[in-house]
Amino acid sequence: MADAQDKPTQDSTEVTPKAPTKARKPRAPKVTLSVGGVRRYAAQAVWFICVVFALFLAVGALTYALNANPDNGLVDFVRTWANRVDLGVFSPVNGIKEFTGEHADVKNALFNWGLGSVFWLVLGRILDRVLRP
């Protein structure tokens, strides 16, 4: 008669170790831009640029209103960029409206650059609506 040790029992299950698997690198999600996505990003970029231009004009007008030191580097930087984005139409020197008399330079800057600032915001909003899907 055979020993009880030679017979396999139902309770004894043999666990075989699994072979080690290679560690997978997490995959980056695929970024696919549709035409609508590209148009949305373009609209956001145009709106941002127009807001920055309007901000330069508004802060430039504020530097005149507050009688800021024109020799200051920051004031010079803002006024230089405001002169660049006023398109010559909204210039405080030869703009849409020219005031004369006392504080004419402040009035010219506030009126013309303020109007230019509104122009950039309106233009940016229109272009945003045209470009956005």
Side-chain angles (χ1 to χ4, degrees):
M1 185 169 171
D3 288 277
Q5 294 176 348
D6 292 340
K7 291 184 180 179
T9 60
Q10 292 179 353
D11 292 342
S12 65
T13 56
E14 192 173 311
V15 178
T16 58
K18 291 185 178 180
T21 58
K22 292 182 182 177
R24 293 185 183 180
K25 292 182 182 177
R27 289 186 179 179
K30 289 184 179 179
V31 178
T32 56
L33 288 177
S34 63
V35 173
V38 171
R39 288 178 58 190
R40 185 177 67 244
Y41 287 128
Q44 289 174 348
V46 167
W47 172 244
F48 178 76
I49 290 169
C50 288
V51 167
V52 169
F53 287 175
L55 189 63
F56 272 118
L57 288 171
V59 173
L62 186 65
T63 62
Y64 277 101
L66 296 176
N67 198 18
N69 180 9
D71 295 331
N72 185 307
L74 182 60
V75 173
D76 182 51
F77 175 76
V78 169
R79 287 183 181 180
T80 300
W81 272 97
N83 280 323
R84 289 180 184 172
V85 299
D86 69 8
L87 303 176
V89 176
F90 304 108
S91 173
V93 176
N94 193 16
I96 292 178
K97 177 148 176 84
E98 289 187 54
F99 293 93
T100 58
E102 189 178 356
H103 305 294
D105 58 340
V106 175
K107 293 175 187 176
N108 287 332
L110 286 174
F111 182 83
N112 289 313
W113 278 354
L115 195 60
S117 181
V118 171
F119 165 78
W120 279 112
L121 292 175
V122 170
L123 179 68
R125 199 64 179 150
I126 290 170
L127 291 175
D128 178 65
R129 293 289 176 124
V130 168
L131 290 174
R132 193 174 296 273

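Note that the coordinates shown come from a computational prediction; the quantities given were computed from them, not determined experimentally. Position 1 is the first residue of the sequence; numbering continues from there.
With sequence neighbours left out, Asp128 forms a side chain to side chain donor-acceptor pair (under 3.5 Å) with Arg125, Arg132. For Arg39, there are no salt bridge (charged side-chain N to carboxylate O under 4.0 Å, His left out) partners at least two apart in sequence or on another chain.
Rounding to the nearest 0.5 angstrom, the gap separating the CG atom in Asn108 from the CZ atom in Phe99 is 6.5 Å. How far CG of Leu55 is from CH2 of Trp120: 13.5 Å, rounded to the nearest 0.5 Å. Here the CG-CD distance, from Asn112 to Glu98, works out to 8.0 Å after rounding to the nearest 0.5 Å. Distance check, rounded to the nearest 0.5 Å: CG of Leu74 to CG of Asn72 gives 6.0 Å.
In plain terms, the two heavy atoms of Leu131 and Ala43 that are nearest each other are CB-CB, 3.8 Å. Minimum interatomic distance between Ser117 and Ala54 (heavy atoms only, all atoms of both residues): OG-O, 3.0 Å. Ala61 approaches Leu110 most closely through the heavy-atom pair O-CD2, 3.8 Å.
Using a 4.5 Å heavy-atom cutoff, the side chains of Phe90 and Leu57 are not in contact. Within the 4.5 Å cutoff, no side-chain heavy atoms of Trp47 are placed close to those of Leu127.
Both Phe111 and Val89 are members of a single hydrophobic cluster when ILVMFWY side chains are connected at heavy-atom separations under 4.5 Å. When hydrophobic clusters are built by joining Ile, Leu, Val, Met, Phe, Trp and Tyr residues whose side-chain heavy atoms come closer than 4.5 Å, directly or via intermediates, Val46 is grouped together with Ile49. Both Tyr64 and Leu115 sit in one connected hydrophobic cluster of ILVMFWY residues. Membership requires side-chain heavy atoms under 4.5 Å apart, directly or through other members. When hydrophobic clusters are built by joining Ile, Leu, Val, Met, Phe, Trp and Tyr residues whose side-chain heavy atoms come closer than 4.5 Å, directly or via intermediates, Val59 is not grouped with Val118.
The side chain to side chain donor-acceptor pair (under 3.5 Å) analysis of residues 75-88, with sequence neighbours excluded, yields the pairs Thr63-Arg79, Asp86-Trp113.
Of the candidates Leu121, Leu87, Val85, Leu123, Val85 is the only one forming a side-chain contact (heavy atoms from CB on, under 4.5 Å) with Phe53.
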